[in-house]
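Read through the structure below, which is laid out as structure tokens, and then see the notes.
Below, read A as the first sequence line, B as the second, and so on, with proteins coming before strands; counting in each chain starts at 1. What's counted below: heavy atoms across the whole structure, side chains too, no hydrogens, waters or symmetry copies.
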Number of protein chains: 2
Amino acid sequence: MLVKNTFRKEIKEILIEAMLQGEIEPGIRISLPELAKKLEVSVTPIREALTQLTEIGIVTYIPNRGFFVTELTKNEASDIFEVITILECKAIEKAEYSNEQLIELRKINRAFEQTIEPTQKLKLDMEFHQKLIENYSNVYLKKIIEDIRTRIFMYEFHFMVTQPIQTSAEMHNHIIDALENGDRPKAKEILHANWSLSIQNILATYKSKDLCD
Amino acid sequence: MLVKNTFRKEIKEILIEAMLQGEIEPGIRISLPELAKKLEVSVTPIREALTQLTEIGIVTYIPNRGFFVTELTKNEASDIFEVITILECKAIEKAEYSNEQLIELRKINRAFEQTIEPTQKLKLDMEFHQKLIENYSNVYLKKIIEDIRTRIFMYEFHFMVTQPIQTSAEMHNHIIDALENGDRPKAKEILHANWSLSIQNILATYKSKDLCD
DNA sequence: ATATAGTATATCGTATACGATTTTACAAAG
DNA sequence: CTTTGTAAAATCGTATACGATATACTATAT
């Protein structure tokens, strides 16, 4: 089943994908024996993968109790929102955008706008953001963004946060417009609002579900 | 020997401290059997700690060969410089500074200015930066800064980078002045220059030692 | 009926074992 | 002397074992 690369690497990827698919939800404890059985490996590489994921915050470790998928507190929501916003704004400030890329961005956004299936929608939203900073050279910065983005999308999926999609797709279009016009400040401003919208929607859903403070 | 907490957590801390002390230097392979012997534990928690450290970039993993302390490439130097600068600038833009804190900052900086012992000097430089953003509430952002700062100081130690200390201490003082005067843009500008100085010194030392491109 | 204590079970965190891979050492050939 | 090939040793990555801890369940006391 698990071949090539270390199991640890593969398991990490599987876990992240499972979180993005809603198979593993925030708050739950990840059962090492169950996962080991499911993946047909021992708990050793699973533990190693999970300890890695604690480092980026998507998994929380509690001694003697195990690994839990991190729930989002209001404080942390604003914390990560702040970080992703300034870093992604820095990225679009400095990235290069060819015509091909802008066309590709519009294409993704059109698909995003037109899809109604929630999982697909989230995937396209994520894809848009990935494409947006694809050409930015700072690998380190992109990794941080990637980690945060994964978490945000996981929470959106978890709560089936339904963004006002026209608003979000419109924002994406305005970002692309601004980039096309070379108006980086404008693009940043809209991107800031776009992430703000995401986080606010998550927090609004929290309030209605009274889950986590 | 290792009691309380998980071994993994303690080992991670020990490893980071050893890197900051120059006992484990960039580029070397971390021998699991040797470390296990030295710390009187099995390799299991060591591996777990090391896999965590790969996630923040301070350790690099190569399949079947093991864990290495990450060497600094020129690209990565500018990558992490960019990230720490924007994040630390954001932190001082938003942090609160009491009189007590400004006094404490000056105190640390005075010690930094007056010390000649390289290890102690680096520690004080690090302490200054820690105190600088201590009151900023964004825990997530502070962790990212902490991780990067650890790496930078490790490289400074590794190359015994001797900053023009009067310049650096002066910059610190100007930052404090600006904060005292409520001039956050000014403080940010000087902080930016301060980190730029650090990174440039590291890169200059690289060039003279022709180690890593 | 509820609370507490004791026991059984499941899981966690680490140690040890073992096959796979890499590194090192040494011998043979050019 | 240098290069190549082979064997031995060391290490890596994962599986398994086991004592420690947490959780679940049962019995007893109030």
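- Listed by chain and number, the residues in a salt bridge (charged side-chain N to carboxylate O under 4.0 Å, His left out) with E25(B) amount to none (sequence neighbours excluded).
- For the pair K142(B) (side chain) and Y136(B) (backbone), a donor-acceptor distance under 3.5 Å is present.
- Both T44(B) and I30(B) lie close to DNA chain D; mapped to their nearest nucleotides by heavy-atom distance, the more 5′-ward contact belongs to I30(B).
- When every heavy atom of P26(B) is checked against every heavy atom of E71(B), the shortest pair comes out as C-CG, 3.9 Å.
- Y61(B) places no side-chain N or O within donor-acceptor distance of the main-chain N or O of E55(B), the cut-off being under 3.5 Å.
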- Message: One pair to check against side-chain contact (heavy atoms from CB on, under 4.5 Å): L53(B) and I16(B). What are the steps and the verdict?
- Response: CA-CA 9 Å; L53(B) 293 177; I16(B) 288 176; 3.9 Å; yes
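- In this entry the distance linking CD1 of I46(A) with P of dT11(C) reads 13 Å, nearest Å.
- Environment of NZ in K9(B): sparse, with no more than 12 heavy atoms of neighbouring residues, nucleotides or ligands closer than 6.0 Å.
- Each of S42(A) and L32(B) was matched to the nucleotide of DNA chain D holding its nearest heavy atom; the match closer to the 5' end belongs to L32(B).
- With R149(A) contributing its side chain and H129(A) its backbone, the two residues share a donor-acceptor pair below 3.5 Å.
- Contacts of residues 51-67 of chain A with DNA chain C (heavy atom under 4.0 Å): Y61(A), I62(A), P63(A), N64(A), R65(A).
- Scanning DNA chain D 5' to 3' for nucleotides with an atom closer than 4.0 angstrom to a non-hydrogen atom of chain B gives a first and last hit of dT11(D) to dT14(D).
- The side-chain heavy atoms of V59(B) and M19(B), taken from C-beta on, include a pair separated by under 4.5 Å.
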